[in-house]
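Quick note on labels: first sequence line is chain A, next is B, and so on, each numbered from 1. Hydrogens, waters and symmetry mates are skipped; everything else that's a heavy atom, side chains included, is used.
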Amino acid sequence: MFDVHEMEVNFGPQHPSTHGVLRVLLKIDGERIVDAKPIIGYLHRGTEKLFENMAYPQCIPHTDRMDYVASATNNLGFVEAVEKLMGVTGQIPKRAQLLRVILSELQRISSHLLWLATHAIDIGAMTPFFYCFREREQILDLFEEYCGARLTLNCMRIGGMPDDCTPEWLDNIAEFIGKFDAAVDEYESLLTNNRIWKRRTVGIGVLTPEDAIEWGVTGPPLRGSGVEWDLRRAQPYECYPELQFEIPIGKNGDTYDRYLVRMAEMRQSRWIIEQCLPLIKQTPAGDIKAKISRVIRPPEGEVYHSIESPKGELGYYIVSDGKTQNAYRCRVRPPSFVNLQALPAMAQGHLVSDLVALIGTIDIVLGEVDR
Amino acid sequence: MINPWMRFLVWPLVKFLIAFVIVQVIVAAMNWIERRLLGLIQARLGPNRAGQEFALFGKRMPIPWGLGQIIADPIKFLLKEDIVPSSAEKVAYFLGPMLPLIPAFLVFCLIPYGPPPSFVITHTNVGLLLILALTSTGVYGIILGGWASNNKYSLMGGLRSAAQMVSYEVPFGLSIVGVLMLCGSFDLVKIVEYQEMHVWNLFPQLVGAFIFLVAMNAENNRTPFDLPEAESELVAGYHTEYSAMKFAFFMLAEYSAMTVNCCLMVALFFGGWSIGIGGYGITTAGLQALGIWGGLLGAIIFITKVMFFMMVYIWFRATFPRFRFDQLMDLGWKWMIPLALANIFVTGIVVLALGEAKKNYYWGEIVMSVIGAATIALTLFLLFRGSRPAAAKVMHASRVSEA
């Protein structure tokens, strides 16, 4: 007589808070989630197959389109993987390395700002959205000043950087980061101690360190669970070993801790950029390219190289046959895709409203999940 | 005034129409005010263009500050295509937006906008009860509309709305009881007159006013209680499938209900059209002595106060995240209802102990003001006890590189 009737709801792909075209097949009992099954593939563009059919430098613009809110780090991962394959990693000039670090840390801030904006508006706080976009706009202006593009930057080359920066650009960055800490304080004043925000995030979607490692979760979700794993430290690349920064980690592995970790990471990125600015002024202007052949034809072999993208471990696995200018196979390990796998486990037993917070806290970009 | 037809039919009707038009203009203007004010808070502009190209008889007369938006929005709603889902329950789908509109409009003839007799449309001794009864029927339209749309998100929005209304109608009603005990009347005119002779009910009924403020937000499905139409969860909740004028009717009903609740707030706790204490200041008698101009002044005071509370709605919307459904129920049943009952209990004791004996409540009001202030101070203390500067709290553990 009183049999439980579960309702099936298609959460997405056309839904305001699935951050693109994620579809979650929900089984709900009232508002409680019995089962959540993410269904992906709506944005699949065959990027990995495309890489097999074009020369290595031509691939770089395509990496922009994977995690389209963090294209600088996508570029970085790819060019470093190819450089590693060619064995020229040590030849990259200091100035190019610093430029890469500045760009990728700016990109990390901008990606985290976008995450905070959408995460907050998913939980119902409207105002942080506009505040975050105010600062993100300034970062995009800085990108535009450097390479002419705001979103799909295409700002790195195998063996160095395409262009040198101007002293004015560095001054503009200094001006931006000078104000940025106050901006983060402003977001935190709206959210961190807000009781409604805390009730919506504390204890939601808890990932224990063991679970997080078993699911292969990386990036802020992993660090939110208290695991001190940051590829900038663990497998250093570029000039990160020379720079000081802290790795913020959480304690409880819930949505609130992941929020705190990302907020702290923005401040750390700001600090890293602050250290880079005097260093880059000491390097000779124009020294931004290693002396490598103009035709990129890596020797036969394979390489896996991963970097810490704003969302986690972004890895490129490239196989070269040594004869052509194309990769024989290029496989991308996107952090969003792997992190998204933990969603059903995290959503179990929570309410529909929490699912929205969980999708936000994983910080997915569907362009990267589906590639 | 001798002809009963004039007294009981024509004049009330005329007054109702005038009040109705003014209130509806306020409701329409709220759309613009809300967007502009949100823009101000959120570091952006809001609508500031509509009406720039306005011309009359070939003469260019630009409307300033984007005020043309007030007219442009209804025109847009009227001209949009009215889509009815093929699988919708047609009659209920049509009734959904209409039902909340009728009580929302009727209520406006029960609100005292200014000193009697000219600015009170219908003077009944149970005005407050009637208002409560009428406004609580507004939820039927939302449930009906949500169910009839034949959309799972709409249905969930309707269900949430029903549960929320049932839960918050209780503290909403209970928070008023303290005022009723003090003033001894359901008549809003008498309640206002009582306040100018004593003190604004806000002070002796601080807890009641606070509960009323929270409950009226919940009643109107406004942030942080906007779960029935939570955009990020339920797309648009109960009005997902509604378009054009039907959607506009939902909005109209919502903003009308907001206005009504603000009017109640002002009349019950903030002295209505008067600004007076202990019989001094701008009182009803003083306003009546000034004739029609005094009445107008009273109405302006009333509407100013109402607009202040409308701003509070918008301010809330810009500031707070949204509650989760179970937390909303938790807050309503576990905190607000016991608090409202305690408020009634304390008020009852004071009224019995001090009021019955001396027929004046001055001491009682002072006692209750102190108790209320202490309660609020305690709450604030409990709320902010744990808060430290944000930056110090962010990092649980970290490691600086050796470099």
Side-chain angles (χ1 to χ4, degrees), chain A residues 7-10 14-17 28 30-31 120-127 129-131 134 181 184-185 188-197 199-200 204 226 228 233 240-252 257 260-261 263-264 267-268 351-357 360, chain B residues 38-46 151-153 155-156 159-160 163 223-227 229-236 240 314-331 382-384 386-403:
Chain A
M7 187 158 80
E8 276 200 354
V9 179
N10 258 321
Q14 312 294 338
H15 188 281
S17 59
I28 51 175
E31 290 229 3
I121 211 164
D122 283 350
I123 295 187
M126 195 179 171
T127 304
F129 184 86
F130 295 97
Y131 287 1
R134 185 185 58 195
D181 253 357
V184 181
D185 285 342
E188 292 216 46
S189 70
L190 276 167
L191 297 174
T192 303
N193 281 325
N194 188 316
R195 291 180 72 82
I196 303 176
W197 178 261
R199 290 192 73 171
R200 285 300 304 276
I204 304 300
E228 208 179 306
R233 267 282 169 267
Y240 279 109
E242 298 161 35
L243 300 167
Q244 286 193 342
F245 60 96
E246 294 173 6
I247 303 169
I249 59 169
K251 208 160 44 183
N252 308 317
D257 277 14
L260 290 180
V261 163
M263 297 308 272
R267 294 178 196 273
Q268 296 301 326
L351 301 181
V352 176
S353 316
D354 296 328
L355 181 76
V356 173
Chain B
L38 277 179
L40 193 70
I41 296 172
Q42 293 169 342
R44 60 193 175 93
L45 287 173
N151 175 323
K152 283 168 185 173
Y153 289 119
L155 179 64
M156 275 162 79
L159 286 177
R160 280 180 175 194
T223 316
F225 305 102
D226 60 340
L227 294 113
E229 47 192 299
E231 194 202 338
S232 55
E233 295 155 26
L234 302 183
V235 190
T240 306
I314 297 164
W315 180 38
F316 279 4
R317 181 171 172 203
T319 318
F320 289 129
R322 187 183 301 119
F323 270 107
R324 208 173 63 199
F325 192 63
D326 56 328
Q327 293 165 351
L328 176 92
M329 290 292 141
D330 194 66
L331 181 76
L382 289 175
L383 273 178
F384 291 106
S387 64
R388 286 184 293 271
K393 221 183 163 188
V394 170
M395 238 163 289
H396 292 305
S398 57
R399 188 189 63 174
V400 183
S401 72
E402 298 80 36

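- Of all non-hydrogen atoms in B:Phe320 and A:Asn194, the two that sit nearest each other are CD2-ND2, 4.1 Å.
- Neither the backbone nor the side chain of A:Leu355 comes within contact range of chain B; no heavy atoms are under 4.5 Å apart.
- Smallest separation of non-hydrogen atoms from B:Thr319 and A:Thr127: N-OG1, 4.4 Å.
- Contact of the B:Arg317 side chain with the A:Met126 side chain is registered, since non-hydrogen atoms from C-beta on lie closer than 4.5 Å.
- If you measure heavy-atom distances from B:Leu159 to chain A, you find no contacts under 4.5 Å at all.
- Contacts between B:Arg324 and chain A at a heavy-atom distance below 4.5 Å involve backbone atoms as well as side-chain atoms.
- The contact between A:Asn10 and chain B is made entirely by backbone atoms, counting heavy-atom distances below 4.5 Å.
- Neither the backbone nor the side chain of B:Asn151 comes within contact range of chain A; no heavy atoms are under 4.5 Å apart.
- Of the possible donor and acceptor atoms, one in the side chain of A:Arg200 sits under 3.5 Å from a partner among the backbone N and O of B:Arg322.
- To the nearest 0.5 Å, atom CZ of residue A:Arg199 and atom CG of residue B:Asp326 are 8.0 Å apart.
- When all heavy atoms of B:Pro321 and A:Ile196 are compared, the pair lying nearest together is O-CG2, 3.7 Å.
- In this structure, the separation between OG on A:Ser353 and CD on B:Gln327 is 8.5 Å, given to the nearest 0.5 Å.
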